[in-house]
Amino acid sequence: MRYTQGEYRILNKTAIAKQIYDYTVLCPDIARIAQPGQFVHLLPKGFPLRRPISICDIDAEKGTLRFVFEVRGEGTAELARLNAGDMIDMLAPVGGRGFKINENAKRVILVGGGIGTPPMLPLAKIYGERAVAISGFRCSSMVILQDDFKEMGAKTILCTNDGSMGIKGFVTIPLIEEIEAEKPDIIFACGPRPMLKAVAEIAMENDIECQVSLEERMGCGVGACLVCSCKAIRNGQEIHAHVCQDGPVFNAKEVIW
Amino acid sequence: MRYTQGEYRILNKTAIAKQIYDYTVLCPDIARIAQPGQFVHLLPKGFPLRRPISICDIDAEKGTLRFVFEVRGEGTAELARLNAGDMIDMLAPVGGRGFKINENAKRVILVGGGIGTPPMLPLAKIYGERAVAISGFRCSSMVILQDDFKEMGAKTILCTNDGSMGIKGFVTIPLIEEIEAEKPDIIFACGPRPMLKAVAEIAMENDIECQVSLEERMGCGVGACLVCSCKAIRNGQEIHAHVCQDGPVFNAKEVIW
Amino acid sequence: MADLSVNIAGVEFKNPVIPASGTFGYGREYGRFYPLSKLGGIATKGTTLESRLGNLAPRIAETPSGILNSVGLQNPGIDKFIRVELPNLMKQETVIIVNIAGSTVEEYIEVAKKLEETDAHMIELNISCPNVKEGGVAFGVSCDSAAGITAAVRKVTKKPLIVKLSPNVTDIAGIAKAVEAEGADAVSLINTLLGMRIDIRTGRPVLRNNVGGLSGKAVFPVAVRMVWQVANAVKIPVIGMGGVATANDAIELMMAGATAVQVGTAMFANPFAPIEIIDGINEYLDKNGISSVREIIGSVKSW
Amino acid sequence: MADLSVNIAGVEFKNPVIPASGTFGYGREYGRFYPLSKLGGIATKGTTLESRLGNLAPRIAETPSGILNSVGLQNPGIDKFIRVELPNLMKQETVIIVNIAGSTVEEYIEVAKKLEETDAHMIELNISCPNVKEGGVAFGVSCDSAAGITAAVRKVTKKPLIVKLSPNVTDIAGIAKAVEAEGADAVSLINTLLGMRIDIRTGRPVLRNNVGGLSGKAVFPVAVRMVWQVANAVKIPVIGMGGVATANDAIELMMAGATAVQVGTAMFANPFAPIEIIDGINEYLDKNGISSVREIIGSVKSW
Ligand SMILES: Cc1cc2nc3c(=O)[nH]c(=O)nc-3n(C[C@H](O)[C@H](O)[C@H](O)COP(=O)(O)OP(=O)(O)OC[C@H]3O[C@@H](n4cnc5c(N)ncnc54)[C@H](O)[C@@H]3O)c2cc1C
Ligand SMILES: Cc1cc2nc3c(=O)[nH]c(=O)nc-3n(C[C@H](O)[C@H](O)[C@H](O)COP(=O)(O)OP(=O)(O)OC[C@H]3O[C@@H](n4cnc5c(N)ncnc54)[C@H](O)[C@@H]3O)c2cc1C
Ligand SMILES: Cc1cc2nc3c(=O)[nH]c(=O)nc-3n(C[C@H](O)[C@H](O)[C@H](O)COP(=O)(O)O)c2cc1C
Ligand SMILES: Cc1cc2nc3c(=O)[nH]c(=O)nc-3n(C[C@H](O)[C@H](O)[C@H](O)COP(=O)(O)O)c2cc1C
Ligand code: FES
Ligand code: FES
C-alpha cells in the first residue's frame, strides 16, 4: 500500500455540539481503502505537527470520509476555522491496525467515551442491529452521534456523568447490564484511558474478546519516528508498541495499563 | 502623545500593480494626528515582527488612512491576504520625525523610487500645483499612483528603467532638468538608498534643502529596542540615529551614506 | 484579585512581570502606551562606562517564531544614564533594575560604583551579551570568569545583585552555582542564543554583525529547561525569560522555578504584552483558587 | 538540470539531501510515499548493541515552530538491524549512513565492529543524543570525551566516519576540531537542543522524560550559526541539519558551509519535504545559472 498525503476538499462542516465539528471530505482514493479504526492525520496550517483524528464514516461510493473532532488546543482550533469548500491537508488512511471485524459475530457492544465515540460509528454501520452502542459524555452539551447510531439500527444507550441526559453515571453500568442480558462476541471501545481500562477488565472477567483504540501523541503517524509508544505485551515480552503503526486498535489483553 | 495599537477595519483593498496593494483603513483617532512621512507598523498574523509601511494618504475627516505596499516576503504576503471588511493589527502613527512642511515653499520636487513613491502623495496633497512629482519604477508593470499625483495638481513625471513607460532612465535625469528650469525650495525623496544618495548629492551641489525618508529593519518601531540604526551626523558628531524615532525622515545632510 | 507580589533579594515586586533589558529602552517609549507603575519592574537597556554606538545595521532579522538581534550595547554611558534617564525612571513607582555591561572587569566595577550612589533598586550584571566582541559573553561562558566578575562587583555594591546568564553554555546550572557562591542575590536567564541567517539572494548574512542573539517564542522550551535546571541547583531566586508572550507562558516558567519573568521580544508584536500577562496571571490564579502567585513558583511535579 | 552531486569522504551522493536519523526509521515507512532512490542518502535510526525500549510516553511535545522529543534510542539492536533492516536498505540505491549510539565506549566499538562486515556505506557516530541517561550526550559535550570515542571507533572501522555533534555546548567548533584530529571524516550537526515544556493544567512536564530534544524550524538560526562556525574551523566536510524544511533553508545551510543537509522534523508535517527540497535546489541552481550545487557550499560572503 502507498500512503497518500495531499489537500482535499471539504464538502460539509457542521457544528454538532459545543466546540465539536463534523466534517465530510472528498477523497475517493482514500475512501476506497480506509478501514474502520483507522485515522486521518490532519495538518493545521503553519503547525509543526499533524493532528490524528479517527475516521467516523467511510463512503467508498461517494468517495468521502467523515470525521468529528473537538477543539482542545491551538491546532484543532486552527482546523476548526476551515469551512466547506476549503481544502484540508490530510495524510490518510493511517493506522496499521484498525478494528478486526468478525463478520459472523452475532452480538457486539460498542463503548465510546466522549470524543472516543466517533470511531464506533463505522462498526455500527457494519453490525447494524447486532450492535449495542453505549456512549458516555460528561454532560448533555457534549453529546454527539446518538441519532447516527440509531439510524444504523444499533441499540443506542446514552450515559452522562451528571445525568443531564440519558443514564446518570459511567458506561460501565449499562455495559455490565448488557453483558448480563446476553454475552456479546466482541466488545469494541474507544475513549479515555481509565474508561478503556475498566472496560478491558470487565471483558477479561467475562472472557469476552475486547478491542480498544488507544491515543498517544504522534509525530510522523506512519511508524518512522517511534514517538507514539505504548507499553504492550507481545509473545510474552514487554514491548513499546507504536500506536500509529501497531495500532491504534489493540487487543485489550496486549495492553499494559 | 500616546501611541495607539489595535485592530482596525479595512474599508477598501485594491490591487494597483503586480503584487502591489492599496488599502484604506478606518482609524479616526490615528487619522486625526498622523503626519506626512510617518508610517504604520502592521502585524502579519502569527509573525514575531511588524512591518513598517508609509502612510500614503491621511483623511482626517473621513477618519481614514491609506497605505500601499508591495509583497516582498512572507510577512507582506500574509498582510496581502486581508480583504475589505477584515481587521488589521496596526501600531500607528509611528515615526518621530515626518516631513518638515514649509507652507511658504513656492516650488518643491518630490522624488519617489518604486515602493518609495507612496509617502510622496501626502506632500503632493499639501503642495498641489507647487509640486513636481517625479517617480521612477523598474518597468511599466510596477508603475503606481501617477493619476493620484495628477489629481493633486502636481506636475507628474514618470520614469522607468527599461523605458517601457515614460522617460527611459533614472529619476535623476528629470530631477536635474527641473532644477535647471527653476530651483525648488525643497526636495523630498523616498526610495532605494542609491537613488536617495544620488538625489542628496544633486541637492547638495545645488544648495537645495533635501529631506529623505529612510528604510531600516525594525523591531519595536517606537524607539525602545535600538535595532533600526543608521549612521548620521548631529552636532558634528557621528551618531547611530534610529530610523523609527529620529526619522524616518532625515535632512539629507545628516545622513552618512 | 490574587496576591501577585513576589520578593527577590529583599526587594518587593507588586507583580512578577518585568520588561526585559534592551527591549524597553529606559521606559520612555512604552510609557506612552500604559503607566509604567503597572509593571512589576523594569530592566533597563544594558549600560556601559562610556557611551557606545553599537554595531552597524541591519541589526535585526526575523526567524521562525523568533528574531535575531545584534544591537551590541548601544547606550549613552552610565553618567548620562544617571543624569538623564534614572531620575525619570525612579519616579515610575516600580522596581528599577539597572542592567550593566562592560569589556573588562574594571569597567563593570566602575559602573557599579557609580550606581552605588543612586537610588536604583537592583543591578543586573549582563555577562552574557553575545553581541560585543570583547567581554560581554566571554565572562558568561566559563564558571571561573562568571564567578570572578560576580565577586568583583559584589565587593563594590550593596545593592541586590542579579547575574544574567548566557544559554550558550554546556552547563548553565554549574555557572549559576558559581555566581551564587560569589554572592549573587539572584540569577536571570536566558539571554539570547547565538544564531545566524543568510539572505540567499545576496549570499550575505542578514545581520551586518554576521551573527546575533536569538530570542522570542522559538527559544521558550530552552528557557523552561534552563530555568528548571538552575532552580534545582541554586537557592537564590531565579528570574526567567526567553520567549514569554502570554500569561500561560509566564505561569509555565514560574512553575519551572522562576520567581519572576521578563518579557522582551513579545512586545514588538504586542506592546501591551506585559500588561496582558499580569492580568492573565491574575485571572488564572482566581480561576484556580490560588491566593498567591508565590504558590506556583517551582510547583512543577517532575516525573 | 544542474549537477546536484556531492562527495563526502569519498562517498558519492547523487544529491545533498538526507533524511535525518530517528525521523525516518529504517526507510520502510517513507518508502511508501516515494522511491528511496530519489534521496541523496538515508541516516538510519540510532542503533545500539542490544535492543532498547526507549523512554516512556509521552515522547513528543509541540513548541512554537518546533517539537521536543524524548524517544531515547528505541531500536532492535545492531544484530537484528543487520539481519532484518540493512539488507532492505542496501537495495535502495542510495547512500546508507548507519547512525550508532551507546552507553560506553566499548558498546560503540562493538557496534562499529559488527558493521565493519556489512556493506553499509558510512557510520554516523551519535555522541549527542540528549535523551539517554548514561553515555549519549555525555560524550558529546567535552572535547576530551568526544575525541576519545572518535579515536576508539576510528581504530575498528575503515568505513567513512561521521561524528554527530551536540549543540548543547559552549564551543562546538572546538569539539569539531577535536574529533577531526582523531580521524573523523566528516561532522554532522546539529542534534537537538535540550528543552522542556510543562502542561500548566496538570503541573506536569509534557514529556514523561521531563526534558527532550528541540528540533524543527525554531532551531534553524542556531543550526546556521553552528554550521558556519564549524565549517570555518575544520577541513573535513560538514553535514548540516536543524530545522531545514524548504529548498531555501537547505541552500542557506549550504552557503553557511554544509556539503549536504539532513531533514528531520519537517517530514512530520510534509512527508514529501526531502523530495521537494531536492527539486527546489535544482530549480534554484537552474534559475541562477549555477551548474553545480557544489558551488554554493560555504559561499556566504561574511561581513
Ligand atoms: C488515533 C487517535 C484518534 C483520535 N481521534 C480523535 C477524534 O476522532 N476526535 C477528536 O476530537 N480527537 C481525537 N483524537 C485526539 C486528538 O488527536 C487531540 O485532541 C488533538 O491532537 C489535540 O490537538 P490540539 O491542537 O487541540 O491540542 P494541543 O494541546 O495544542 O496539541 C499539542 C500536541 O499534543 C497532541 N495531543 C494533544 N492531545 C492529544 C491526544 N488526546 N491524543 C493525541 N495527541 C494529542 C497534539 O496532536 C499536538 O501534537 C485522537 C487521537 C488519536 C491518537
Ligand atoms: C519607514 C518605512 C516605510 C516603508 N514604507 C513602505 C511602503 O509604503 N510600501 C512598501 O511596500 N514598503 C515599505 N517599506 C518596506 C517594507 O517595510 C518591507 O518591504 C517589508 O517590511 C518587507 O516585509 P516582508 O515580510 O515582505 O519581507 P521579509 O523579507 O519576509 O521580512 C523579514 C524582515 O525584514 C524586514 N524587512 C525586509 N525588507 C525591509 C525593508 N526594505 N525595510 C524595512 N524592513 C524590511 C521585515 O520588516 C521583516 O522584519 C517601508 C519600510 C520602512 C522602514
Ligand atoms: C533588541 C534586543 C536587545 C537586547 N539588549 C539586551 C541588553 O542590552 N542587555 C541584556 O542583558 N539583554 C539584552 N537582550 C536580551 C533580552 O533581555 C532577553 O534576555 C532575551 O531577549 C530573551 O527574552 P525574550 O525572548 O522575551 O526577548 C536584548 C534582546 C533584544 C531582542
Ligand atoms: C523523533 C526524533 C528522533 C531522533 N532520533 C535520533 C537518533 O536516534 N539519533 C540521532 O543522531 N539523532 C536523532 N534525532 C535528531 C535528528 O536526527 C536531527 O539531528 C534533529 O532532529 C534536527 O533536525 P530537524 O530539525 O530537521 O529535525 C531525532 C530527532 C527526532 C525529532
Ligand atoms: S507517530 Fe511516528 S511512529 Fe507513531
Ligand atoms: S525599531 Fe526599535 S528603536 Fe527603532
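Since the model is a prediction, treat every value here as computed from it, not as a measurement. To find a chain, count down the sequence lines: A is the first, B the second, and so on, and within it residues start at 1. Every heavy atom of this structure was used, including side-chain atoms; hydrogens, water molecules and symmetry mates were not.
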Review point. What distance separates B:Gln5 CD from C:Met267 CE, expressed to the nearest 0.5 Å?
Key: 13.0 Å
Practice item. Can you establish whether the number of heavy atoms outside B:Glu238 located under 6.0 Å from its atom CD is more than 12? Key: yes
Check your understanding: Take atom CZ in B:Arg138; do more than 12 heavy atoms of anything else shown fall under 6.0 Å from it?
Key -> no
**Study point:** Closest heavy-atom pair and its distance - B:Arg217, C:Val206
**Key:** NH1-CG1, 3.7 Å
Practice item. Please say whether more than 12 non-hydrogen atoms of neighbouring residues, nucleotides or ligands are located less than 6.0 Å from NZ in C:Lys45. Key: yes
Check your understanding: Near B:Glu201 CD, under 6.0 Å, is it more than 12 heavy atoms from other residues, nucleotides or ligands?
Key -> yes
Practice item. Mind jotting down which residue pairs meet the side chain to side chain donor-acceptor pair (under 3.5 Å) criterion with at least one end in residues 248-257 of chain B? Sequence neighbours excluded, please. Key: B:Arg97-B:Glu254, B:Arg234-B:Glu254
Practice item. State, with a plain yes or no, whether a side-chain heavy atom of C:Arg59 is found less than 4.5 Å away from one of B:Ser229. Key: yes
Check your understanding: B:Leu226 versus chain C, heavy atoms under 4.5 Å apart: side chain, backbone, both or neither?
Key -> both
Practice item. Evaluate whether atom CZ of B:Phe170 has more than 12 neighbouring non-hydrogen atoms of other residues, nucleotides or ligands under 6.0 angstrom away. Key: no
Review point. Is B:Glu7 atom CD crowded by more than 12 heavy atoms from other residues, nucleotides or ligands, each under 6.0 Å away?
Key: yes
Practice item. Report yes if some heavy atom in the side chain of B:Val227 is under 4.5 Å from a heavy atom in the side chain of C:Ile67; otherwise report no. Key: no
**Study point:** Heavy-atom proximity to chain B below 4.5 Å, by part of C:Tyr30
**Key:** side chain
Revision key, fill the gap. So, the part of C:Ser51 with a heavy atom under 4.5 Å from chain B: the answer is neither
Review point. Who wins among B:Gln245, B:His41, B:Glu216 for the most heavy-atom pairs under 4.5 Å with chain C?
Key: B:Glu216
Practice item. Just give me the residue among C:Ala269, C:Ala245, C:Ala57, C:Ala266 that pairs up with chain B most often, heavy atom to heavy atom, under 4.5 Å. Key: C:Ala269
Review point. Are any of the side-chain heavy atoms of B:Cys225 and C:Phe268 separated by less than 4.5 Å?
Key: yes
Practice item. Please report the closest heavy-atom contact between B:Lys231 and C:Leu56, naming both atoms and the distance. Key: CE-CD2, 3.2 Å
Practice item. Taking atom NZ of B:Lys13 as the centre, report whether more than 12 heavy atoms of other residues, nucleotides or ligands fall under 6.0 Å from it. Key: yes
